[in-house]
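Please read the structure below before turning to the comments.
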4 protein chains.
Amino acid sequence: MGGGRPRDTGVEERVVAVAREMLREGGYARFAVDQVADRAGVAKTTVYRRWPSRDHLVVAAVATFLDDVAIEETGDLRADLVRIAAAIAAGLGQPGIRLLVSELIAAGARQPDLAASVYQLWARRRAASLDLFAAAVGQGEQADDVDPGLILDQIIGAVYYRALITGDPVDDDYLKRLVSAALAGAGVSSGGLA
Amino acid sequence: MGGGRPRDTGVEERVVAVAREMLREGGYARFAVDQVADRAGVAKTTVYRRWPSRDHLVVAAVATFLDDVAIEETGDLRADLVRIAAAIAAGLGQPGIRLLVSELIAAGARQPDLAASVYQLWARRRAASLDLFAAAVGQGEQADDVDPGLILDQIIGAVYYRALITGDPVDDDYLKRLVSAALAGAGVSSGGLA
Amino acid sequence: MGGGRPRDTGVEERVVAVAREMLREGGYARFAVDQVADRAGVAKTTVYRRWPSRDHLVVAAVATFLDDVAIEETGDLRADLVRIAAAIAAGLGQPGIRLLVSELIAAGARQPDLAASVYQLWARRRAASLDLFAAAVGQGEQADDVDPGLILDQIIGAVYYRALITGDPVDDDYLKRLVSAALAGAGVSSGGLA
Amino acid sequence: MGGGRPRDTGVEERVVAVAREMLREGGYARFAVDQVADRAGVAKTTVYRRWPSRDHLVVAAVATFLDDVAIEETGDLRADLVRIAAAIAAGLGQPGIRLLVSELIAAGARQPDLAASVYQLWARRRAASLDLFAAAVGQGEQADDVDPGLILDQIIGAVYYRALITGDPVDDDYLKRLVSAALAGAGVSSGGLA
DNA sequence: AGCTAACCGAGACGGTACGTCGAGTCTTTCC
DNA sequence: GGAAAGACTCGACGTACCGTCTCGGTTAGCT
C-alpha cells in the first residue's frame with residue numbers, strides 16, 4: 001500500500017488560472033479543454049484527473065473570480081441594497097458575463113452533481129447581502145420579524161429576471177423603485193428615502 | 001423578375017414539429033440538426049436556409065410549444081398570481097425544462113440576433129399575466145397607480161431566481177408569502193388572504 | 001404549337017466567356033456553375049439547358065481558348081517539331097494548365113459522351129503539326145513512307161508523359177534529343193542537326 | 001518527451017485495404033472518406049490524422065495495388081517492351097482505370113504536396129522497365145551508349161498519349177511499330193523483328 | 001535498495017455534430 | 001416555350017471538441 005507519487009499542487013493553480021483567463025477572452029463557447037491544458041503546460045489527462053468534465057473545470061474557474069467582488073456596507077440598508085442590485089445589473093449588462101452565467105446555470109441543469117457547486121457560487125454573495133439585514137436590525141432600522149431572504153429574492157430575482165430573461169433594461173430608477181417596493185412589502189419603515 | 005420557386009410552406013411546419021418532438025425526447029443535448037432534417041424528410045441545407053444555426057431552430061421550436069400553456073383568470077388577483085407562479089415553479093422543477101430554459105438563455109447570450117427571439121418567448125406569457133392586473137382594476141380590487149410590471153418582476157423573478165440560480169425550494173407557502181409581499185409593497189389592499 | 005420565346009443567342013457567348021475567365025482565375029477546382037451563371041447574368045437553368053453538366057461547359061470553354069495558339073512553320077522540320085514540343089512543355093509547366101488538362105482528361109473518362117469532345121480539343125493542334133510533315137515531303141526533306149503520326153506520338157507523347165505522369169523535367173536539351181531520336185527512328189535524313 | 005499513445009499500426013492497413021476495395025467497386029467518384037472510415041471500423045478523425053485529404057488517401061491506396069503487377073523479362077528486349085506497353089494499354093483500355101489514372105494526375109496537380117507521391121506511383125514500374133535495358137546490355141543485345149529513359153519515354157509516353165489524350169486505338173500492330181521505331185531511333189540493332 | 005503505486009506528458013483514438021459547398025432538378029412567374 | 005429566380009435534394013467534405021485510452025518515464029513512500 002505504498003503511497004505513489006503525490007500530486008503536483010501547482011497544477012491546480014496553473015490550470016485554473018489559465019481557465020479563468022480563457023473564459024475572460026473567449027467566453028464559454030471558445031473554452032476548450034485541449035487549449036487550457038496546452039496553455040497551462042499540462043496534459044489533458046491531468047486536467048481530467050481533477051475535474052471530471054469541462055463543466056466542472058469551468059465552475060471551478062468561475063468560483064475563483066467571484067471572490068473578488070467585495071460588498072461594502074454603509075449602514076444605509078436601502079442604499080446598500082440598491083448598490084448591490086446595481087452591481088449585479090452592471091455585471092449582467094456585459095454580454096460575456098451574461099453568457100457565462102447562463103452557461104453555468106445550464107451546466108448545473110445538465111449534470112446533477114454540478115448543481116450544488118453552481119448554487120454555491122452565488123450563495124456566498126447572497127450570504128454577504130443577508131448580513132446587511134442583520135446589521136440593520138442592530139441599528140433599529142428594521143423590524144425583527146421580516147424575512148430578509150424573501151426581500152432579497154424579490155430584488156435580486158427581479159434583476160436577474162430582467163437581465164437574462166425578459167431583456168428589459170435595469171436602470172437606476174427602476175432599482176430604486178424595486179428596492180422600495182420590496183422593503184415596503186415587508187413592512188420595513190421607509191428609512192431616509194421617503 | 002419572376003419570383004422563383006416558392007418556398008414549400010409545409011417544410012416549416014414539418015421541421016418545427018419534428019424539432020419539438022426531439023426536444024421533448026432528448027432535450028437540448030441530443031438535438032441534432034441532421035436528425036431533425038432526416039426525420040422531417042428534408043435536406044439539411046433546406047433547414048439551414050431558414051434557420052441559420054441549430055440554436056435558431058431550437059428557439060423557433062420552443063416558441064411553438066409555449067403557446068399551449070393557458071392562463072385562466074378567476075378574478076382573484078392574488079390567487080391567480082400564486083397559480084401562475086406555481087405553474088412556472090412546477091415547470092422549472094423538471095430537470096429537462098430547467099435545462100432547456102437555461103440553454104435558451106445561453107443561446108440568446110451567444111448570438112445577439114437570437115436574443116430578441118428568446119426574449120419574445122417569455123414576453124407572451126408575461127403579457128398574459130399583466131392582463132390580470134387590468135382585470136383587477138376593473139373590479140376595484142386594486143389601486144390605479146401601481147406598477148404591475150414591477151410586481152410581476154418581483155414574483156416571477158424570485159421564482160426563476162430560486163429555481164435556476166440559488167436552487168432553493170419553491171413551495172406553496174413560499175409562493176403565498178412572496179405574492180403577498182409583492183402586492184403589499186405596491187400598496188394593493190390585501191384581499192381575502194390576510 | 002406556337003413558337004415560344006426564341007433562344008437568346010447572346011447567352012452562349014456570354015456564358016462561355018465568363019467560364020473561360022473563371023477557369024483562368026481559379027482553375028478547375030473553383031469553377032462553380034452557380035457562379036458562372038451569376039456572373040454571366042444568366043439563370044442556372046439556362047446554363048443547364050445548353051450544357052448538360054459542368055464538365056460539358058468546361059470543355060466548351062476550353063475549346064475556345066485553344067484556338068489562339070498558332071503554329072508557325074519555318075520549313076525546318078526538326079526545328080519546328082522542337083518548337084512545338086517546347087510550347088507544349090511550357091504550357092504544362094504551369095500548374096494551372098497542368099491541372100486543367102488532367103481534369104479534362106478525367107472529364108472525358110467520366111462521361112463517355114464527353115470523350116469525343118475532349119479528344120477533339122487536341123485533334124486540331126495535332127492536325128496542324130501533321131501538316132509540317134506534308135510540307136517537308138514537298139521539300140524533299142523527308143522520305144515518303146514514314147508515318148508522321150507515329151513520330152508525333154513519340155515526341156508529344158513523351159512530353160505529356162514526363163510533364164503529367166513522371167514529373168521529370170522537360171528542358172531544351174531533352175527535347176532536341178527526343179526529336180532527333182524520333183526522326184532517326186523513322187529513317188528521316190538528319191537534316192542540319194547532325 | 002514521452003511518446004504518447006503509439007499509433008495503432010493496424011489502422012493503416014485496414015483503412016488502406018478498405019480504400020482499395022472501394023476504389024475497385026465504385027471508382028474515384030464514389031469514394032467517400034466517411035464510408036472508408038466506417039467500413040474500416042475507424043473514426044473519420046483517425047483517417048484524417050494520417051491522410052490530410054481524400055486525395056491523399058486515394059493515392060496511398062493506389063500505391064498498394066500497383067505493387068501487384070509483375071514484369072517478367074524474357075531476355076528479348078523488343079518483345080519485353082512490347083509486352084509492357086501492351087499491358088499498360090490494356091489497363092488504360094478499361095474506363096475505370098483510365099478515370100482513376102487521370103484523377104490521380106489531377107490530384108497531383110491540385111495539391112503540390114501530393115505531386116511527389118503520385119509521380120512515385122509510376123516511378124517503380126518505370127524502374128522495373130529500365131532494368132530490361134541493363135539486362136540487355138549484358139547480353140550484348142544493345143549498345144552501351146543509348147539512353148534507355150528516352151526510349152521508354154517514347155514508347156510509354158506514346159501509349160499514354162493515345163489512350164488518354166487523343167483517344168486513338170493502341171493495338172498490337174501499332175505497338176510493334178512503336179517499339180521498333182523507338183529502338184531504331186536509338187541505334188539499337190533490330191533483333192529478330194526486322 | 002527495491003517494489004509498488006500514483007502522477008505526469010504526450011498524443012492516438014472513437015464518437016458526434018457541426019456548418020458548408022456544389023451539382024443537378026423542380027417549380028413558379030414573366031415575357 | 002424560353003428565361004430568370006430561387007427553393008429543393010442529395011452527398012460529401014473537413015473541422016472541432018469531448019472524454020478515454022495507452023504509452024514511457026518520474027517521484028514518492030513502504031518494506
Side-chain angles (χ1 to χ4, degrees), chain A residues 1-9 11 29-38 40-55, chain B residues 1-9 11 29-38 41-55, chain C residues 1-8 11 29-35 37-38 41-55 57, chain D residues 1-9 11 29-38 41-55:
Chain A
M1 261 161 231
R5 175 175 177 175
R7 288 198 174 177
D8 178 346
T9 50
V11 167
R30 262 170 295 179
F31 181 93
V33 179
D34 267 301
Q35 286 177 35
V36 174
D38 236 48
V42 150
K44 207 170 32 153
T45 332
T46 303
V47 173
Y48 275 101
R49 204 188 320 272
R50 290 151 213 255
W51 299 278
S53 84
R54 181 182 105 130
D55 283 341
Chain B
M1 267 147 223
R5 175 173 178 176
R7 289 202 170 178
D8 179 344
T9 50
V11 167
R30 262 171 294 179
F31 180 93
V33 179
D34 265 304
Q35 286 179 36
V36 173
D38 234 50
V42 150
K44 199 167 40 154
T45 32
T46 301
V47 173
Y48 275 102
R49 188 170 305 114
R50 289 152 213 254
W51 301 279
S53 83
R54 186 180 98 127
D55 282 342
Chain C
M1 264 163 223
R5 176 170 178 177
R7 287 200 173 183
D8 178 347
V11 168
R30 264 172 292 181
F31 180 92
V33 178
D34 267 300
Q35 286 176 36
D38 235 48
V42 150
K44 205 170 32 153
T45 333
T46 303
V47 173
Y48 275 102
R49 190 168 299 120
R50 288 152 213 255
W51 298 277
S53 82
R54 181 180 104 129
D55 283 341
L57 176 52
Chain D
M1 277 148 220
R5 175 173 177 175
R7 289 204 169 178
D8 179 345
T9 50
V11 167
R30 261 173 293 181
F31 181 94
V33 179
D34 264 306
Q35 286 177 38
V36 174
D38 236 49
V42 150
K44 200 170 35 155
T45 34
T46 300
V47 174
Y48 276 102
R49 188 168 306 113
R50 289 152 210 254
W51 301 278
S53 82
R54 187 181 98 127
D55 282 341

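- With sequence neighbours excluded, the residues satisfying salt bridge (Lys or Arg N to Asp or Glu O under 4.0 Å) with B:R50 are B:E12.
- Across B:F31 and B:R54, no two heavy atoms sit closer than the pair O-NH1, 2.8 Å.
- With sequence neighbours excluded, no residue forms a side-chain contact (heavy atoms from CB on, under 4.5 Å) with D:D38.
- The distance between atom CG of A:D38 and atom P of E:dA10, rounded to the nearest whole Å, is 8 Å.
- Between A:R7 and E:dA5 there is no side-chain N or O to OP1 or OP2 distance below 4.0 Å.
- Mapped onto DNA chain E by nearest heavy atom, D:R49 and A:V11 fall at different nucleotides, with A:V11 at the one closer to the 5' end.
- By the side-chain contact (heavy atoms from CB on, under 4.5 Å) test, B:D34 pairs with B:K44, sequence neighbours left out.
- Contact annotation: the side chain of D:Y48 approaches that of D:V33 to within less than 4.5 Å [non-hydrogen atoms, C-beta and beyond].
- Between F:dA3 and C:R50, a contact under 4.0 Å exists linking OP1 or OP2 to a side-chain N or O.
- Using five terminal pairs a side, the axes of the helix from E:dA1-F:dT31 to E:dC31-F:dG1 at its two ends make an angle of 10°, given in steps of 10 degrees.
- In this structure C:T45 satisfies the side-chain contact (heavy atoms from CB on, under 4.5 Å) test together with C:A43, C:R49, sequence neighbours excluded.
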Heteroatom pairs (N/O) under 3.5 angstrom, protein to nucleotides 22-25 of chain E:
residue: E:dA23; atom: OP2; partner: C:V33; partner atom: N; Å: 3.0
residue: E:dG24; atom: OP2; partner: C:Y48; partner atom: OH; Å: 2.8
residue: E:dG24; atom: OP2; partner: C:R54; partner atom: N; Å: 3.0
residue: E:dG24; atom: N7; partner: C:K44; partner atom: NZ; Å: 2.9
residue: E:dG24; atom: O6; partner: C:K44; partner atom: NZ; Å: 2.7

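- Residues that satisfy the side chain to side chain donor-acceptor pair (under 3.5 Å) test with A:T46, not counting sequence neighbours, are absent from this structure.
- Residue A:T46 has a polar side-chain atom (N or O) positioned under 4.0 Å from OP1 or OP2 of E:dG9.
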